[in-house]
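Inspection log for the structure reproduced underneath, given as structure tokens.
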Amino acid sequence: MSSRRQRPGPSRQVKPWEWFWLTLWVLLLAGSGIFCGWALMWLTRIPPLPDCDQITPFNSESDLLYCAKAQARTGEPNNLVESVLLTANWPKSDAHYDDAQDILKDASEQILVLANHWAQAGKLDDAVNLAEEIPLNTPLRKPAQSVIFEWEQEWEQGRAIEAKLKPALAASDWAQAKAYLQEFKTLKSDYWLTTRYMFWQQQFVVEQQAWNQLLQARNLASTNQIENLRQAVVLARGIDLRSQVWPAAENDVNRWSETVLDVALQRWQVGDRAGALALASVVPPSPQLMPAAADLLRLSHGQTLAQQAEPSGDGLVPRYGHMFELMAAIAAVNQLPANSPYAAAELSSKDQWSEQLNDLRRLKFSEMVARLGQRTTYEWAMHQAQMVEPGRPRRIQGQTLVAQWQANLQRIEDRPILTEARSLAKPGTIPALEAAIAKAAEVEQGRALRVEGQTLIAGWQQEIQVIEDRPILDAAVALANDGKLQEAIDKATDIEPGRALYSRAQGLVQDWTASIQIAEDKPILDDAKDLAYSGSLTAAINRASQIAPGRALYDEARAAIALWKSERAYIWSIWEAEGKPVPGGEGASTGSSTTDSKSE
């Protein structure tokens, strides 16, 4: 029975209603999982930030606090006011009351600081309006009102000072004006202490200068001499228009101008055209002038403009301003009536100005074309400038431009030569440098790049000399390093004067010569010092005097001799005071140290 295997029974089949319940449970489990995940995400998500531009009192308390803090953080005036308004009426019973009060205080303080800056900058109305935005029944309302009161008081005092200062300046009462200026220093606001004080101080200087200028002009005019009267008009017209003196000066200028024009008309009538125009040139235009005077003034104005259009400056470059001045001069003459006595007289000047204008246009256009920097443009520009005929006012200007363009054209032509010469010199060998020199010498004398070429040649010649003389100098240095200083000196002197390394060689020769002299004279100086230390000062002086002038240790020996002589003189003065015999003089010497010691 145990050895017999039991046969498996028939397999069990799942019924359809069992599949339904299995599927239902799987769906329920999956749905609950999805719902739980969604709920967890909803609970842990970060809520969206509120739109502070659209915030209203109906928003949540957290949104109101967030926007109030964010707007206070910006520091902008409107945002600060909005922050104050959002937190000003916060209920005391609310849990966030303390937070709201902190934000309210911070925003209010920023408003006061900003308003104070505006007040110090002179914007009082803006500062007051901003400070008054702090609501009633808030902690900083009273301080704001107090600050506003101080600002307004300062402004009243400042305006009162200005009201006294202005008439004092108009009356030229400088002492009183200075006293009023000092009153600004009693104020506290930076606006009055600095800005307005500096303004009125500058105005004080302007008024003083203007008044002095007017007095000088009046003194000139009082002489009744026409030239002085002309200078008086010029001086008075230069008075600063910001000054209170200007209206009085303007009346004087108008009165003096009538006299100047009358004399100018008289000079014109007697044929003194230059004198008439010179007088009329200083007179300002006025609608009250007589027709003849107005025409003369217009003509003088045209002459002045034409003179201002004369070529000047670096290279006599044509300018649009000169063209406009010539056109204005021609227009001024064209405005003269046909029956004016000046119209016919100035036809020659008008024609000359027209010719100048045409030549100036030609030169200006040529200059613009030449700026392109090409060979053809330079050649075309030079051809156009040469068309300005000799004897015309713009001839010299045209020839100057032609010379500049020729130089630029020569640079274009010769630049490749110097570029090739530099390329040849790059290896740095003597043959390469000689080839570069020969190439650079192709730039002929009188050409624009001749100086640059000669400078390069001089530099390359020095390089060749360095290459040729370097072995000599190196050999001299090697001899000196071996202690053969005299042989090194003899070797270095082989470098001739004028060579690139001559100065260097002479410097080394001087150093080596000094070394030799020091080696020769050092024992003498040491012996002298030993004698001095042993008390034989005269012998030390005699020994050190053996070092000849010009030797390396000569200065040191002379300093030591001076010291020893001073010491010896001191010893002799003691002997003399003690009644002991003193040697015959500082120059006395003895033949032996024993005698020297006795003499000392």
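As the structure is a computational prediction, the values presented were derived from the model and not from experiment. Throughout, numbering of the chain's residues begins at 1 and tracks the sequence.
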Original post:
What pairs with Trp460 under ring pair (Phe, Tyr, Trp, His ring centres under 6.0 Å), at least two apart in sequence or on another chain?
Top reply: none

Subject >> Pairing residues for Phe365 by the ring pair (Phe, Tyr, Trp, His ring centres under 6.0 Å) criterion, not counting sequence neighbours >> reply: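 Counting only residues at least two positions away or on another chain, Phe365 forms a ring pair (Phe, Tyr, Trp, His ring centres under 6.0 Å) with Trp380.
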
The criterion is side-chain contact (heavy atoms from CB on, under 4.5 Å); which residues satisfy it with [X], sequence neighbours excluded?
X      : answer
Asn219 : none
Glu576 : Val582
Ala381 : Ser366, Ala370, Trp405

Under the salt bridge (Lys or Arg N to Asp or Glu O under 4.0 Å) rule, what pairs show up with a residue in [range], not counting sequence neighbours?
range            : answer
residues 537-553 : Glu520-Arg551, Asp521-Arg551, Asp527-Arg543
residues 403-414 : Arg375-Glu413, Glu413-Arg447, Asp414-Arg447
residues 529-539 : Lys529-Glu556

Neighbour count above 12 (heavy atom, 6.0 Å) for [X] [atom1]:
X      : atom1 : value
Glu578 : CD    : yes
Gln445 : CD    : no
Lys364 : NZ    : yes

Original post:
What residues, two or more places apart in sequence or in another chain, satisfy side-chain hydrogen bond (donor to acceptor under 3.5 Å, both in side chains) together with Gln465?
Top reply: none

Original post:
Does Glu452 have any side-chain hydrogen bond (donor to acceptor under 3.5 Å, both in side chains) partners at least two apart in sequence or in another chain, and if so, which?
Top reply: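 With sequence neighbours excluded, Glu452 shows a side-chain hydrogen bond (donor to acceptor under 3.5 Å, both in side chains) to Arg415, Arg422, given in chain and number order.
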
In residues 508-518, what donor-acceptor pairs under 3.5 Å come from side-chain atoms, sequence neighbours left out?
unit_1: Thr513; atom_1: OG1; unit_2: Val509; atom_2: O; d: 2.7
unit_1: Ser515; atom_1: OG; unit_2: Asp511; atom_2: O; d: 3.0
unit_1: Gln517; atom_1: OE1; unit_2: Ala552; atom_2: N; d: 2.8

Show every donor-acceptor pair shorter than 3.5 Å between a side-chain atom in residues 194-205 and any protein atom, with sequence neighbours excluded, or say none if there are none.
unit_1: Thr194; atom_1: OG1; unit_2: Asp190; atom_2: O; d: 2.4
unit_1: Arg196; atom_1: NE; unit_2: Glu162; atom_2: OE2; d: 2.7
unit_1: Arg196; atom_1: NH2; unit_2: Glu162; atom_2: OE2; d: 2.7
unit_1: Trp200; atom_1: NE1; unit_2: Glu162; atom_2: OE2; d: 2.7
unit_1: Gln203; atom_1: NE2; unit_2: Glu207; atom_2: OE2; d: 3.2
unit_1: Gln203; atom_1: NE2; unit_2: Arg242; atom_2: O; d: 3.1

Original post:
Is a side-chain N or O of Ser545 found less than 3.5 angstrom from the main chain of Ile541, in a donor-acceptor match?
Top reply: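 Judged by distance alone, yes, a pair lies under 3.5 Å.
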
Original post:
Checking side-chain contact (heavy atoms from CB on, under 4.5 Å) for the pair Tyr180/Glu183: CA distance, chi angles, key distance, verdict?
Top reply: CA-CA 5 Å; Tyr180 291 145; Glu183 291 185 13; 3.6 Å; yes

